[in-house]
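Report on the following structure.
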Amino acid sequence: MSDKDVIIKVDHMTKSYGDNVVLEDINTVVNKGDIIAIIGPSGCGKSTFIRTLNLLEKPDSGSVLLDGQDLTDKKVDINKMRQKVGMVFQHFNLFPNLTIKENITLAPVKTKLMSKQEAEKKADELLERVGLSDKADAYPDTLSGGQKQRIAIIRSLAMNPEVILFDEPTSALDPEMVGEVLELMKELAKEGMTMVVVTHEMGFAKEVANRVMFLDEKGIKEEGTPEEIFESPKSPRLQNFLKRVTA
Amino acid sequence: MKKAKIILLAMCCLLLAGCGKQAAPSDISSIDDLEGKRIGVQIGTTGDIYVSDYEGDDAGTVVERYNKGNDAVSSLKNGKIDCVVIDEEPAKAFIKKNSDLSILEEEFTIEDYAICVSKDKPELRDSINQALRELKEDGTLQKIIDNYINDNDEGFHYQSPDGLTYENGTLVMATNAAFPPYEYYKDNKITGIDADMATAVADKLNMKLEIQDMEFDSIITAVQAGKADIGVAGMTVTEDRLKNIDFTDTYTTAKQVIIIRNGNHNPLLSIKDSFYQNFVEENRYEYIVKGLRNTLVISVFAVLLGLVIGFLIALVRTTHDKMGSLKILNWLCKVYLTIIRGTPTMIQLLIIYYVVFASANVSKIFVAVLAFGINSGAYVAEILRGGIMALDIGQFEGARSLGLTHGQTMRYIILPQAIKNTLPALGNEFIVLIKETAISGYIGLQDLTMGGNIIRGITYEAFFPLITVACIYLVIVMILSAGVSRLERSLKKNER
């Protein structure tokens, strides 16, 4: 695999809160087309890890390279870099003061990625795609959780990102709404979108991911294909974890 | 609105019930009886200085100090105090209008009135002395005094000679126009012995006289600070005052006398007559109209200034909190917030007028807008900061993760929500601000409150002027509240 296909490279990255070390010496890469599922017990630093990938959390040392540029470098325009990295949050983080359509078009227009017309056209297409065209002028508070999360996903898609980070996208949803969100994520995966997903949905990890990372005790403890991780886990900790989540 | 009407009605009933009561006559027949009594004086006057000797004696004498002679007299009429020690001529003017009051035959003390001038301006003092000498020699001064004291309306009235060019500029006179016959309001103008005498002096100096009305105890400060050139307010030369200020030669002498209640009934005015006297006679409603205009101008611009300052400070503070930058600016903002929220608004107003703009000739409205705006800004800043900090951190992260800058995030996402959520608190702050402008009178600015007070000072009636002023404030605040509620409703459209 050539360097050209590497989107994100994490190099000797460490992150701690005060004396509490959360991530220690993390090294990994995200390649174009990767669907990476990050699993692990709660509090293991999964969310912190994925949030360092667009610098919502600032690493204490080491580097996070996006397209070869170090995000921790003060000279790098972090706003420009973040335009290439979509992010979907557990709690959607839609803007309640804006309509659904405005939620989608605000960033592409304000970052001068698109003209207003282009952004609106794009928003219409995306809304059409997820079957929520009738909600274009509604406000987020009138939507169900599943609808909100699908809007959040297409909001990040509107920026034409190189990679989308999902931070437990289905954890805050009622069970009957999980399906519609996972379905959309699977579609994106099929289209070749590069995705990094922190998830508790082992089914999704097994079915969709090409790489699975097991995070525990401050680091990536095991990594491999879904078969390797789920069929033949090596470390007792992973075996233990899988036993608990599938029980 | 129905609720408001009921409140107003209840207020009126309550106040009417308090009217028409007559206090018992004072139990004072000579100076010796003053011990153990409640004595009213005008703050900072010689009367105040003399009776202060009684204060804290074994007999339990109480000295009540009022900002205006009229207020002391009103309190005497209501029975809140037993007597008032004040200069003789104002005392005469007071009892002429109040048959339930008399002056004790015995005089308290005799004193000299003079004009006060800053110690930095000996030339001005000398030229005023020269002018006073000339006015005494040609009899003008005596004629001016006789005109007022002997109540001779058709006699002499001082007129500026024709052909004055005022080439030496303006002579600003500080006074407290609630001290008839020396200075008082008539036909919306300040008139009286001091006013005429000062005009005559200014004419001699070929200067145009400009009279500024303020609290009596602010006059010397104003002259010291250069806000006014001279202070003329029936002011007696005392040793304490000489430490801070220079006086010209004496222009007249006066006595301190004691006013008491004599037990006579003051004929009660009918509501119609009272209304006529307070608002219609001599177009007195104009004091209220002018005051209302000033209050509105000050309030509107102070609210705007407060919003601008508040926004900037809230942005600096939250940017610092979220990003860790702007350390020095944040520190400055914290100093500002501490000082402004830690000191009384009135002191801030006085400091801005008398200290910051001590020597600059600035409009009082401007000073008031600045003072109230700077004051309000501190509260608006903290209200907004609270609104911003209360928003889910996810709103910042959602926006930043899309590549929006901190500024864009604030402008399009955070502030619109913070403003909506803090609107009730902001409305509250504006209400407080509007009512707080009632202290503008302390820098001699004729706002709504002072307009009412001027009328009260002329008519000695508390009811109509105070109730009218209160009702106008109430209406302003109700209109503002209605506006804020409307805005709230229209911003709520995006909620279920």
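Just so we're on the same page: letters track the sequence lines, and every chain starts at 1. Treat the numbers as computed from the prediction; the structure is a model and nothing was measured.
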Looking only at A:K110, A:R155, A:M159, the option with the highest number of non-hydrogen pairs under 4.5 Å against chain B is A:K110
Within 6.0 angstrom of A:E128 CD, more than 12 heavy atoms from elsewhere: no
Measure the spacing between CG of A:L55 and CZ of B:R400 and express it to the nearest 0.5 Å. 10.0 Å
Flag if over 12 foreign heavy atoms under 6.0 Å of NZ, B:K290: no
So which atom in B:E397 and which in A:L56 form the shortest heavy-atom distance, rounded to 0.1 Å? CB-CD1, 4.0 Å
On a heavy-atom basis, the closest approach of B:L404 and A:N79 is O-OD1, 3.4 Å
Supply the atom-to-atom distance B:I393 CD1 to A:F89 CZ, rounded to the nearest 0.5 angstrom. 10.0 Å
Could you tell me which portion of A:F95 (side chain, backbone, both or neither) has an atom closer than 4.5 angstrom to a non-hydrogen atom of chain B? both
Nearest-0.5 Å distance, OG1 of residue B:T405 to CZ of residue A:R82: 10.5 Å
Side chain, backbone, both or neither: which part of A:R51 has an atom under 4.5 Å from a heavy atom of chain B? side chain
Work out which heavy atom in A:A107 is nearest to a heavy atom in B:L402; give both atom names and the distance. CB-CB, 3.6 Å
Atom of A:Q83, atom of B:G403 and distance for their closest heavy-atom approach: CG-CA, 3.9 Å
Report the C-alpha separation of A:L98 and B:I413 in whole Å, then their side-chain angles, then the decisive distance to 0.1 Å, and conclude whether the side-chain contact (heavy atoms from CB on, under 4.5 Å) test is met. CA-CA 8 Å; A:L98 302 178; B:I413 307 300; 3.9 Å; yes
If you take all heavy atoms of B:P416 and A:N97, which pair is closest and at what distance? CB-ND2, 3.4 Å
Could you check which of A:L165, A:L106, A:V85 has the highest count of heavy-atom pairs closer than 4.5 Å to chain B? A:L106
Give a yes or no on this: more than 12 heavy atoms of other residues, nucleotides or ligands lie within 6.0 Å of atom CZ of B:F301. no
Atom NZ of A:K186: over 12 foreign heavy atoms under 6.0 Å: yes
What is the minimum heavy-atom distance between B:S401 and A:N54, and which atoms define it? CB-ND2, 3.7 Å
Within a reach of under 6.0 Å around CZ of B:R411, are more than 12 heavy atoms found that belong to other residues, nucleotides or ligands? no
